[in-house]
Amino acid sequence: MTEQHEVYDVTIIGGGPVGLFTAFYSGMREMKTKIIEYLPFLGGKVPYFYPEKVIRDIGGIASISGEKLTDQLIEQAMTFNPTVVLGEQCLHVEKLHDGTFILTSDNGAKHYTRTIIVATGFGTLKSTKLELPNASQFEEKSLNYTIKRLESYRGKRVLLSGGGNSAVDWANELESVADQVTLVYRKKAFSGIESNITKMKNSSVDVKTPYFVDSLVGDGGQISSAFVKNLQTNEVEELEIDALIVNHGFEIDLGPIADWGMDMEGGTIKVNGEMATSIPGMFAVGDIANYQHKLQLIAGGFNEGPIAVNSAKLHIHPEEELSHLFSTTYDFSE
Ligand SMILES: Cc1cc2nc3c(=O)[nH]c(=O)nc-3n(C[C@H](O)[C@H](O)[C@H](O)COP(=O)(O)OP(=O)(O)OC[C@H]3O[C@@H](n4cnc5c(N)ncnc54)[C@H](O)[C@@H]3O)c2cc1C
């Protein structure tokens, strides 16, 4: 459990790209800042879904990989040493008489804060798990739910389970680095982009439909064999593999935040021009924030963060005039 009763000026729920930039700006405004992130790592959807894809729609950055952007955002966010709490899902909030909020996480940890900036995206990202009794012993070792680094599969025998667009996309990408790629899918017909499906079918990827992973054998976290079963014939086949990637979709769960009392619309939080929600002291930025003509783009969130931070500062010090601050006029030397 994290330390209690230390009151922060700003607590940012969600350490995605927008939460990270918001934390940087909050530090620059000399606000005592905390980030709480459900995942065991920072960066949100970017490292989760597309670390190796190239992002080209952030002003001034012609092209950058998801991983590189995440690294730079983390470096920037750490400039003013915010407190970072990983692996906790914020579930509940309570407002005390003096206006202080208490946030409670899924592990019971309590976080005291004067203002809250919700930067949760659409909620926590949870991959649909492989339902086999011994699957968990291989997770993050030889069984993964996302591909963090294509290179780590070089020369390996890889089994992919799934038939959506990402699974097909990964099969095509792995084909050039892995020694052997097999893909099993429960259904006969794939969903997703036709050209990708055709490319996979014309490649060396061994496509097996309608098949599913029936059992796994291995030791010390390393899978040695997967037994795959044909749904039509019930025939079982043993595949000797080094790695299994499961892409059975994911759930996005906003959890009880939707019931905190903020005005909501279609799973997003309504905000005004100050990024303020309907609860005084609570702000929202990034994908979760909803206003007219909202664009769910990283670059858009980079504008919303500073607005929310300035509004939070004004909420804490209503007597102060809202002054504008450029990083070029800020002294970073201390
Ligand atoms: C495949 C794909 C490609 C994309 N390509 C681009 C692109 O090229 N350019 C672009 O601008 N945008 C792109 N996007 C959209 C972009 O990723 C999002 O707009 C951006 O990630 C939003 O950032 P965020 O910080 O608001 O939310 P997220 O990135 O979703 O981060 C939110 C974080 O909050 C955490 N969280 C949620 N609930 C809680 C809780 N209760 N407690 C603690 N933590 C919580 C989550 O675990 C998550 O890490 C793409 C999206 C996808 C899926």
Side-chain angles (χ1 to χ4, degrees), residues 2 11-25 34-70 73-74 77 84-93 103-107 109-111 113 116-127 146-147 164-167 169-170 173 192-193 247 249-260 262 267-269 271 275 282-291 294-305 308:
T2 43
T11 297
I12 299 163
I13 308 175
V18 180
L20 285 170
F21 185 65
T22 305
F24 162 75
Y25 197 85
K34 181 185 276 184
I35 304 172
I36 303 174
E37 168 56 51
Y38 162 74
L39 291 169
F41 54 86
L42 292 167
K45 288 195 208 65
V46 185
Y48 195 93
F49 288 118
Y50 55 106
E52 294 189 334
K53 297 265 182 211
V54 178
I55 302 164
R56 299 175 197 274
D57 49 5
I58 298 175
I61 303 175
S63 68
I64 188 165
S65 71
E67 186 180 34
K68 182 89 180 144
L69 177 71
T70 303
L73 279 165
I74 293 172
V84 178
V85 178
L86 295 175
E88 278 189 24
Q89 182 179 11
C90 277
L91 294 181
H92 305 294
V93 70
L103 287 163
T104 309
S105 297
D106 52 352
N107 64 355
K110 296 200 180 298
H111 305 275
T113 185
I116 294 170
I117 299 181
V118 183
T120 52
F122 301 116
T124 50
L125 307 164
K126 296 176 184 175
S127 298
T146 57
I147 294 185
N165 204 40
S166 303
D169 202 20
W170 285 346
E173 293 198 19
I193 300 167
N247 185 250
F250 57 89
E251 282 169 41
I252 296 187
D253 177 23
L254 187 57
I257 289 180
D259 304 319
W260 283 4
M262 292 176 281
T268 56
I269 300 168
V271 292
M275 294 296 130
M282 240 187 243
F283 306 86
V285 294
D287 280 359
I288 191 68
N290 176 355
Y291 50 87
K294 161 80 184 180
L295 287 178
Q296 274 144 2
L297 282 177
I298 294 166
F302 290 170
N303 184 48
E304 296 161 9

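On a predicted model such as this, the values are computed, not experimentally measured, just so you know. Counting starts at 1 for both ligands and their atoms, in listed order.
Distance check, rounded to the nearest 0.5 Å: CD1 of I298 to CG of D57 gives 7.0 Å. One distance of note links NZ of K34 with CD1 of I13; it measures 11.0 Å at 0.5 Å rounding. From I116, atom CD1 reaches atom CH2 of W260 across 5.5 Å, with rounding to the nearest 0.5 Å. Taking OH from Y48 and OG1 from T70, the interatomic distance works out to 14.5 Å, rounded to the nearest 0.5 Å.
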Side chain to side chain donor-acceptor pair (under 3.5 Å) evaluation trace for T120 with Y38: CA-CA 9 Å; T120 52; Y38 162 74; over 6 Å; no

Assess whether side chain to side chain contact (heavy atoms under 4.5 Å, CB included) is satisfied between I257 and I288, documenting all intermediate values. CA-CA 11 Å; I257 289 180; I288 191 68; over 6 Å; no

Walk me through whether L86 and L42 qualify under side chain to side chain contact (heavy atoms under 4.5 Å, CB included). CA-CA 8 Å; L86 295 175; L42 292 167; 3.9 Å; yes

Please test D287 against V18 for side chain to side chain contact (heavy atoms under 4.5 Å, CB included), starting from the C-alpha separation and ending with a verdict. CA-CA 9 Å; D287 280 359; V18 180; over 6 Å; no

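Less than 4.0 angstrom separates some heavy atom of G286 from each of these atoms of ligand 1: 26 (O). Set against the non-hydrogen atoms of I36, the atoms of ligand 1 under 4.0 Å away are 43 (C), 44 (N). Proximity to Q296 (heavy-atom distance under 4.0 Å) selects the following atoms of ligand 1: 19 (O). Close contacts of ligand 1 with G16, meaning ligand atoms under 4.0 Å from a residue heavy atom, involve 25 (O), 31 (O), 33 (C). Proximity to G44 (heavy-atom distance under 4.0 Å) selects the following atoms of ligand 1: 29 (O), 31 (O), 48 (C), 49 (O). Atoms of ligand 1 lying under 4.0 Å from at least one heavy atom of I13, given by number and element, are 40 (C), 42 (N), 43 (C).
Of the N or O atoms in L39, none lie within a sub-3.5 Å distance of an N or O in ligand 1. At a 3.5 angstrom cut-off on N or O pairs, Q89 does not count as close to ligand 1. Between K45 and ligand 1, a contact under 3.5 Å exists for at least one N or O pair.
The backbone and the side chain of T120 each have at least one atom closer than 4.0 Å to an atom of ligand 1 (non-hydrogen atoms only). At a heavy-atom cutoff of 4.0 Å, ligand 1 is contacted by the backbone of E88 but not by its side chain. Within the 4.0 Å heavy-atom criterion, the part of I257 lying near ligand 1 is the side chain and not the backbone. In A119, the part holding a heavy atom less than 4.0 Å from any atom of ligand 1 is the backbone. Residue Y50 touches ligand 1 through its side chain alone, judged by heavy-atom distances below 4.0 Å.
The shortest heavy-atom distance from P17 to ligand 1 is under 4.0 Å.
Contact annotation: the side chain of L73 approaches that of F21 to within less than 4.5 Å [non-hydrogen atoms, C-beta and beyond]. Side-chain atoms of E88 and N107, non-hydrogen and from C-beta on, do get closer than 4.5 Å to each other. By the 4.5 Å heavy-atom criterion applied to side chains, S166 and F49 are not counted as neighbours.
Scanning all protein heavy atoms for the shortest distance to atom 18 (C) of ligand 1 gives D287 OD2, 3.3 Å. Nearest protein heavy-atom contact of atom 9 (N) of ligand 1 is D57 OD1, 2.8 Å. Ranking protein heavy atoms by distance to atom 41 (N) of ligand 1, first place goes to C90 O, 3.1 Å. Protein heavy atom nearest atom 34 (O) of ligand 1, with residue, atom name and distance: G14 CA, 3.2 Å. Closest to atom 24 (P) of ligand 1, if we only count protein heavy atoms, is V18 CG2, 3.9 Å. For atom 35 (C) of ligand 1, the nearest protein heavy atom (residue, atom name, distance) is E37 OE1, 3.2 Å. What sits closest to atom 27 (O) of ligand 1 on the protein, heavy atoms only, is G121 CA, 3.4 Å. Of all protein heavy atoms, the one lying nearest to atom 44 (N) of ligand 1 is Y38 N, 3.1 Å.
The number of heavy atoms from other shown groups lying within 6.0 Å of NZ (K53) does not exceed 12. By the 6.0 Å contact criterion, NZ on K68 is open, its count of non-hydrogen atoms from other residues, nucleotides or ligands being 12 or less.
No donor-acceptor pair closer than 3.5 Å links the side chain of T268 to the backbone N or O of N290.
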